[in-house]
Amino acid sequence: MTDTQRQTSEAAVEGTDTLSRLEQEGEIAADYLEGLLDIADLDGDIDMDVEADRAAVSIISDSTSRDLQKLVGRDGEVLEALQELTRLAVNRETGDRSRLMLDIAGFRARKREELAQVGAKAAEEAKSTGKAVKLDPMTPFERKVVHDAVAAAGLRSESEGEEPQRRVVVLPA
């Protein structure tokens, strides 16, 4: 076996190991969240996936009930707290820090779309004015989505400030 073949084989094994680890994180998170739903007497189905090198777990409901909105809270505050608790539950089981993403009732998916539009609009403004555009303070998740949208528009952005006032600054070309 040549060095190139050995490296390719090792990379494939490493990729499989990473996928298995992320799937395990998703399963641990799903068990934890199912227990939480039972305690809260809320209906919801758990969907697991792996996206962008992190486990992604969603709680969805077939009913039009607004029960799951209680788990999202105002501006996603409860969702953020539940995500941290779920990450801690995964950490307790695996001993590894988790970057798991939790979505409830499609809140993060909708938020991601809105933020991508904010990032694209800020990039257009920076292009047209030639000046840096400072956005309102955001959570780490929100900043990541905006940074990605700005990069897709062909510009650079950076974060400035301290939590909870940390914000994205879109830089002109």
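Owing to the predicted nature of the structure, the values given are computational and were not obtained by experimental measurement.
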Smallest separation among heavy atoms of G44 and I59, with atom names | CA-CG2, 4.3 Å
Shortest non-hydrogen contact from L33 toward L102 = CD1-CD1, 3.6 Å
Is [Y] close to [X] at the side-chain level, that is, under 4.5 Å between some pair of heavy atoms?
X: V146; Y: L135; answer: yes
X: L68; Y: V72; answer: no
X: D47; Y: V57; answer: no
X: L79; Y: L71; answer: no
X: F141; Y: M101; answer: yes
X: I46; Y: L37; answer: yes
X: Q83; Y: R108; answer: yes
X: K134; Y: R167; answer: yes

For [Y], does its backbone N or O pair with a side-chain atom of [X] as donor and acceptor, under 3.5 Å?
X: R156; Y: V170; answer: no
X: E142; Y: T139; answer: yes
X: R143; Y: V168; answer: no
X: S58; Y: I60; answer: no
X: K111; Y: G76; answer: no

Nearest-0.5 Å distance, CZ of residue F107 to CG of residue D75 = 6.5 Å
From R92 atom CZ to S98 atom OG, the distance as rounded to the nearest 0.5 Å = 13.0 Å
Is any NZ, NE, NH1 or NH2 atom of the basic residue among E25 and R21 found under 4.0 Å from an Asp or Glu carboxylate oxygen of the other?
-> yes
